[in-house]
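Data block below; observations after.
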Amino acid sequence: MCGISGIVSNNAELVHNFSKSAVEILKHRGPDEQDYKIIGECGLAHTRLSIVDLTSGNQPMKSSMQDVHLVFNGEIYGYKELRKNAELCGDYQFKTNSDTELLLALYYKFGEDFIKHLPGCFAFALWDNDKKKLICGRDRFGEKPFYYALIDGGIIFASEIKALVKSGLVDLSVDRDSVGHFLQFEYVNPRRSFYQNIQTLNPAQCLTFSQSKLDVRSYWNLPATNWNISYDEAKERLEILFKEAVRKQMVADVSVGAFLSGGIDSSTIVAVASGMTNQRLKTFAFKLDARGNNDHLYAEAVSKKYNTEHYVLDSNDFDFVDLMCKMPEIYDEPIADQACMLQYLISVEAKKHVKVVLAGEGGDELLAGYTRHRGPYDRNLFMTANPLHYLRKKLQGETKKMFNDGYFKDINEFFFSFPTYARCVSDDDLSQIIKLYKKSKLPQNLIKNTDDMLRFDLQNYLIGNCIVKTDRATMRAGLEARLPFLDVQLAEFLISLPTDMKIRKNFDKSVTDKFILRDVFAQSWPLEVRHRDKRGFGPPPFNQQKLFELANEFIGNSNRKIFAFCNYDYIKNKLIAENADSFVHNNFLMRVLNLSIWGEKWL
């Protein structure tokens with residue numbers, strides 16, 4: 001993986017200055033080599049983390065056939081086979097052994113439609129100097145980031161917002177709708193940035209810019225459900241596609257390891273990957289000092305079964321209050337999922353031993369792995385998700401109407417009342433908290449079944465929270481993360497499977513998630529892993545007194561920058577009602593704290 005940036009402008013000095021500065025700002029994403037090139041009114045910059053073709057894959061890269069130049073961030077899995085495919089590459093003359101040049105070959109053959117033939121994870125910018133046209137694209141699941149902003153007849157773009165923010169070329173007014181989304185849902189809306197004038201290129205989108213005109217279009221959509229596939233056929237296909245995804249993502253000219261939480265996603269990856277290397281696979285886990293959290297024991301069981309070289313971090317060795325203050329420099333935008341700190345720490349540890357790690361992101365969204373996905377099957381879940389709402393329904397005598405033959409009827413209501421999407425602050429309250437805030441609308445009848453839940457999570461929670469955590473943390477450490485579950489062929493296949501192959505209600509009324517994955521790979525897991533419950537990475541253990549003091553410093557002080565657009569009195573009154581023991585459990589104030597820490601860094 002790498003960092004890319006660029007500019008199109010008639011101002012030659014601006015093109016040079018932005019290109020030069022962006023290289024330095026994004027150096028952490030590509031510590032091995034940095035370079036930029038000016039081609040007329042276009043500047044392209046690249047910072048490289050060398051993974052394949054260590055000697056000849058430098059960028060920006062020029063086509064051997066056209067006056068076309070490219071910067072590329074990502075990996076094209078299976079690129080060696082694709083390069084040999086005459087139908088894809090035609091008579092293009094390759095001059096390197098890298099996956100990067102495959103993009104130039106495909107563009108030579110297919111023109112702008114080449115992105116439809118591109119697998120893997122990627123964000124790229126291609127400048128066609130003959131046509132004076134910029135073409136950019138982002139992969140189907142948003143694994144690689146891409147931000148851009150329009151400037152006085154031109155455009156600037158980068159892998160991380162900080163390169164645009166520090167350019168001085170963009171008005172940095174905060175997008176108040178994005179503030180509201182963050183306070184309600186814990187992460188920034190994946191379809192917009194935290195700034196009014198900086199945009200994000202959405203997953204599966206392609207951007208063109210020519211003669212000061214911008215055009216953005218989608219090139220891919222989630223596949224429809226395949227109702228014709230049999231369960232036996234699906235099991236066979238899953239095993240083949242999963243093993244092939246891992247095999248392709250193990251290809252590198254550097255060492256490859258894996259994050260290992262002890263959950264079934266990472267355990268499956270480790271089980272398969274261990275059989276595809278001649279060396280002991282290096283694995284990395286976290287021991288959390290939290291009540292009831294024994295994930296590291298499951299990870300150790302998997303490590304022992306496959307004889308991995310296992311490294312474990314202990315949460316007691318870190319000060320998470322101090323670390324919280326460092327997160328804005330890493331993530332650029334507010335992030336309230338405290339597991340982002342654990343992700344960063346384990347990435348730093350992994351970089352000491354490997355340059356690439358496999359990770360399990362995407363498994364929960366593709367295979368119904370979150371507790372909320374069991375909602376249509378489990379009456380008790382609604383009570384847990386929103387007990388006050390359930391009590392109100394019960395007092396009104398309406399609980400029987402909520403279910404039909406044991407299945408929850410109002411799926412939309414359930415889904416958006418579950419903790420991940422339940423708004424810990426209402427739109428009415430946000431109108432009091434955020435100055436000039438416009439009320440958002442809760443989606444109506446958007447979620448009709450479990451399949452809708454999974455698709456919504458794929459396009460929101462996965463992209464806006466999980467992938468952001470993984471990309472920024474690993475790249476800050478100079479580490480490449482690869483996500484086998486999001487291999488295009490595998491992911492398309494899993495999305496298309498009927499829901500009852502992913503989650504099933506058993507005869508004893510219990511519910512089994514990731515049903516087909518368990519059926520295919522359970523024998524490869526230690527016995528204790530097969531029967532464990534789903535757990536997230538989880539929040540780190542805070543020094544609660546120190547955290548509360550930090551909160552008073554950042555949100556109990558009216559001079560903090562966020563109070564230019566947030567109501568200090570409202571937030572202060574909420575803070576007064578808390579103490580050192582209770583503060584960490586107040587989701588709203590924890591989000592405000594993260595917002596204020598971010599604001600002091602970037603506003």
Side-chain angles (χ1 to χ4, degrees), residues 138 142 145-150 156-167 170-203 205 216 327-338 340 416 420-443 446 456-457 459-469 471-472 554-555 560-568 570-571 587-603:
R138 191 177 179 198
F146 190 99
Y147 297 94
Y148 67 94
L150 298 178
I156 56 176
F157 61 87
S159 295
E160 295 184 8
I161 284 183
K162 59 171 61 72
L164 308 184
V165 170
K166 292 183 177 181
S167 71
V170 184
D171 175 71
L172 299 179
S173 298
V174 172
D175 186 319
R176 303 190 185 205
D177 287 343
S178 290
V179 177
H181 187 282
F182 169 74
L183 291 178
Q184 289 183 319
F185 300 121
E186 191 175 73
Y187 59 91
V188 177
N189 188 332
R191 280 169 289 282
R192 60 200 304 167
S193 86
F194 224 62
Y195 301 96
Q196 290 180 14
N197 298 299
I198 296 178
Q199 313 302 319
T200 178
L201 188 63
N202 292 338
Q205 281 192 338
V216 178
M327 291 300 101
E329 174 60 31
I330 297 171
Y331 288 95
D332 291 357
E333 296 179 294
I335 183 167
D337 184 342
Q338 304 308 325
C340 68
F416 289 106
T420 301
Y421 293 112
R423 304 183 175 199
C424 68
V425 54
S426 69
D427 278 326
D428 289 336
D429 286 337
L430 280 183
S431 297
Q432 300 179 52
I433 298 166
I434 305 170
K435 301 170 186 176
L436 304 178
Y437 175 75
K438 296 180 181 179
K439 291 184 181 180
S440 62
K441 293 183 179 180
L442 186 69
L446 180 67
F456 188 88
D457 275 339
Q459 297 178 303
N460 291 274
Y461 183 71
L462 174 67
I463 298 167
N465 186 68
C466 304
I467 285 179
V468 168
K469 279 190 303 184
D471 175 79
R472 305 306 188 278
F554 276 91
I555 61 179
R560 292 302 184 182
K561 293 178 182 178
I562 63 165
F563 295 119
F565 54 85
C566 287
N567 184 330
Y568 170 74
Y570 182 99
I571 293 170
N587 289 334
F588 169 67
L589 288 179
M590 284 292 288
R591 294 172 193 185
V592 175
L593 173 58
N594 280 276
L595 177 64
S596 185
I597 294 171
W598 168 84
E600 294 305 305
K601 170 67 181 178
W602 291 111
L603 295 181

From Arg176 CZ over to Cys566 SG, what is the distance, rounded to the nearest 0.5 angstrom? 8.5 Å
Once rounded to the nearest 0.5 Å, what's the spacing between atom CZ of Phe182 and atom CZ of Phe194? 6.5 Å
Sorted by chain and number, sequence neighbours left out, side chain to side chain donor-acceptor pair (under 3.5 Å) with Glu186 holds for none
Working to the nearest 0.5 Å, report the span between CD1 of Ile562 and OG of Ser596. 4.0 Å
When you measure from the side chain of Asp471 to the backbone of Ile467, do you find a donor-acceptor pair of N or O atoms at a distance under 3.5 Å? no
Got a second to check how far Ile571's CD1 is from Ile433's CD1, nearest 0.5 Å? 6.0 Å
For a quick test of reading the model, state the closest non-hydrogen atom pair linking His181 to Tyr187 and the distance between them. ND1-O, 2.9 Å
Please identify each residue that fulfils side chain to side chain donor-acceptor pair (under 3.5 Å) with Glu600, with sequence neighbours left out. Arg560
Quick one: does any side-chain atom of Arg191 pair with a main-chain N or O of Gln459 as donor and acceptor, under 3.5 Å? yes
At their closest point, which heavy atom of Gly599 faces which heavy atom of Lys561, and how far apart are they? O-CD, 3.4 Å
Considering only NZ, NE, NH1 and NH2 on the basic side and carboxylate oxygens on the acidic side, decide whether Asp337 and Lys469 come within less than 4.0 Å. yes
Okay, side chain of Asn189, backbone of Ser178: is any donor-acceptor separation there less than 3.5 Å? no
Which heavy-atom pair separates Ile161 from Ser193 by the least distance, and what is that distance? CD1-CB, 3.9 Å
Are any side-chain N or O atoms of Arg472 and backbone N or O atoms of Ile330, one a donor and one an acceptor, separated by less than 3.5 Å? no
Nearest 0.5 Å please: distance from the CD1 atom of Ile198 over to the CG atom of Leu164. 5.0 Å
Of all the heavy-atom pairs spanning Asn594 and Ile335, show the shortest one and how long it is. OD1-O, 3.3 Å
Distance-only, no hydrogens or angles: does the Gln196 side chain make a donor-acceptor pair with backbone N or O of Val174 under 3.5 Å? yes
Indicate yes or no for a side-chain donor-acceptor contact from Glu333 to the backbone of Tyr331 under 3.5 Å, with no hydrogens or angles considered. no
Can a donor-acceptor pair be found, under 3.5 Å and without considering hydrogens, that links the side chain of Asn202 to the backbone of Gln205? no
Under the rule for side chain to side chain donor-acceptor pair (under 3.5 Å), what residues qualify as partners of Lys601, not counting sequence neighbours? Glu329
With the side chain counted from C-beta on, respond yes when Tyr437 and Asp177 share a heavy-atom pair under 4.5 Å apart, and no when they do not. yes
Which pair of heavy atoms, one from Pro328 and one from Ile597, lies closest together, and at what distance? CG-CG2, 3.7 Å
Phe146 and Phe157 aromatic centres sub-6.0 Å: yes
Taking the six-membered ring for Trp and the single ring otherwise, decide whether the centroids of Phe563 and Tyr568 are under 6.0 Å apart. yes
Do you know the tightest heavy-atom contact between Leu183 and Arg591? O-NH1, 2.9 Å
Rounded to the nearest 0.5 Å, the OH atom of Tyr195 sits from the OH atom of Tyr147 at a distance of 10.5 Å
